[in-house]
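What follows is a single structure, written as structure tokens, with notes after it.
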Amino acid sequence: MNRQPFYSEKSKLYEMIADNPKLLPLLPRFGIQLGFGDRSVAEVCHANGVDTKLFLLICNIYIDPEVAIHTKDLESVDMDGLLPYLLASHRFYLDERFPHIEQHLCHIIAAGGKKYGNMLRHFYTEYKQEVEKHFDYEEKVVFPYIEALRKGLTPTDFSINQFRVNHSNIEDTLEDMMNILIKYLPGDILPKERIEISTDIIELSADLISHSLVEDQILIPFVETLENAKP
């Protein structure tokens, strides 16, 4: 890395979470339950069958999006848990975060009338579909390719560089939706609920950006080493 990680395997996991609440939703994606007391990161990871170095790499990306991870940083990392973590993240977004946002957004859409309600529905649907499309591509194309490489197979119809260039930017769609919620929807239309849902959307967006960084900084370099090792 281009700087020292802020936390190490000796850090108390509770202190790490207390300092960085954005890490809390990551725990169930690793299969880590609450109630770990004052145990260290290494102790909690060991108790849950999680590679400590992988856990810290991902947490440090969420803590500092500017952190740069190099191939040598990945050499001693057990990558067995990477794809399960990414799949668990997909389920978290699709089964928990999006339904939670939709539950509140439908009230605002109904109160916004045709003009604003239809625009909100359009931009939200477009945003969610782009996320679903990206996840579907990963689960049906990218992840099976990686599993084949790890089994010693040599697929020739795909490379991780194709995944790199297909990483789409959907932030423009999100910005359009946020503009309606914050700037243009009349102020007397469910103001408290709009603040709550705007906060939820911002948090979801930040999480998805960090999720993409995990793929860029860890997944892609890892797969490139597998590709380079092919006979």
Side-chain angles (χ1 to χ4, degrees), residues 22-33 45 48-51 53-55 57-59 61-62 65 69 71 74 77-103 105 123-174 177 200-201 203-230:
K22 68 178 71 174
L23 300 179
L24 195 56
L26 271 62
L27 299 182
R29 304 181 209 176
F30 282 103
I32 297 174
Q33 296 183 342
C45 286
N48 288 274
V50 176
D51 183 73
K53 293 181 179 179
L54 178 62
F55 179 80
L57 280 175
I58 292 175
C59 286
I61 287 175
Y62 270 75
I69 298 173
T71 303
L74 306 177
V77 178
D78 183 351
M79 292 294 182
D80 285 349
L82 180 57
L83 293 188
Y85 165 81
L86 294 174
L87 285 167
S89 297
H90 292 182
R91 299 279 65 79
F92 170 74
Y93 300 131
L94 297 178
D95 298 342
E96 296 184 40
R97 296 314 300 159
F98 276 111
H100 173 78
I101 289 173
E102 289 166 8
Q103 183 179 1
L105 188 61
F123 288 129
Y124 175 77
T125 300
E126 183 177 349
Y127 179 70
K128 182 182 178 184
Q129 286 177 344
E130 283 298 316
V131 173
E132 291 174 328
K133 179 181 176 182
H134 177 76
F135 290 169
D136 189 63
Y137 172 69
E138 289 183 348
E139 294 177 15
K140 292 182 178 177
V141 178
V142 183
F143 294 173
Y145 170 73
I146 296 170
E147 293 287 10
L149 286 178
R150 299 195 73 194
K151 292 176 181 176
L153 303 177
T154 56
T156 58
D157 57 345
F158 184 78
S159 75
I160 199 61
N161 190 56
Q162 292 173 248
F163 172 64
R164 190 202 308 273
V165 300
N166 277 318
H167 249 183
S168 58
N169 180 7
I170 58 174
E171 293 307 303
D172 290 343
T173 302
L174 181 65
M177 183 167 59
D200 287 341
I201 292 172
E203 290 176 353
L204 171 63
S205 175
D207 197 328
L208 284 168
I209 289 171
S210 295
H211 178 80
S212 292
L213 287 174
V214 169
E215 295 172 341
D216 291 340
Q217 296 270 41
I218 300 177
L219 181 70
I220 291 176
F222 166 61
V223 179
E224 286 176 335
T225 62
L226 294 178
E227 291 177 336
N228 293 334
K230 289 191 299 184

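Evaluation of the salt bridge (charged side-chain N to carboxylate O under 4.0 Å, His left out) rule for E147 yields no partner, not counting sequence neighbours. Residues satisfying the side-chain hydrogen bond (donor to acceptor under 3.5 Å, both in side chains) criterion with D157, sequence neighbours excluded, are absent altogether.
For L94 against P99, the heavy-atom pair with the smallest separation is O-CD, 3.2 Å.
Checking Y145 against E227 by side-chain atom types alone, a donor-acceptor pair falls below 3.5 Å. Side-chain atoms of H100 and E96 form no donor-acceptor pair, as typed in the model, at a separation below 3.5 Å. Judged by distance alone, the side chains of E215 and H211 do bring a donor and an acceptor atom under 3.5 Å apart.
A heavy-atom distance below 4.5 Å is not found between the side chains of F222 and I160. In this structure, the side chains of L82 and D51 stay at 4.5 Å or more apart for every pair of heavy atoms. Side-chain contact between L83 and L86: present, with at least one pair of heavy atoms (C-beta onward) separated by less than 4.5 Å.
Note on R97 versus D200: salt bridge recorded, some NZ/NE/NH1/NH2 to OD/OE distance being below 4.0 Å. Here D80 does not pair with K53 in a salt bridge; the nearest charged N to carboxylate O distance is not below 4.0 Å.
More than 12 heavy atoms of other residues, nucleotides or ligands sit less than 6.0 Å from atom CD of E132.
Between Y85 and F30, the ring centre distance stays below 6.0 Å.
When L27, N48, L26, L23 are each tested for a side-chain contact (heavy atoms from CB on, under 4.5 Å) with F55, only one passes: L27.
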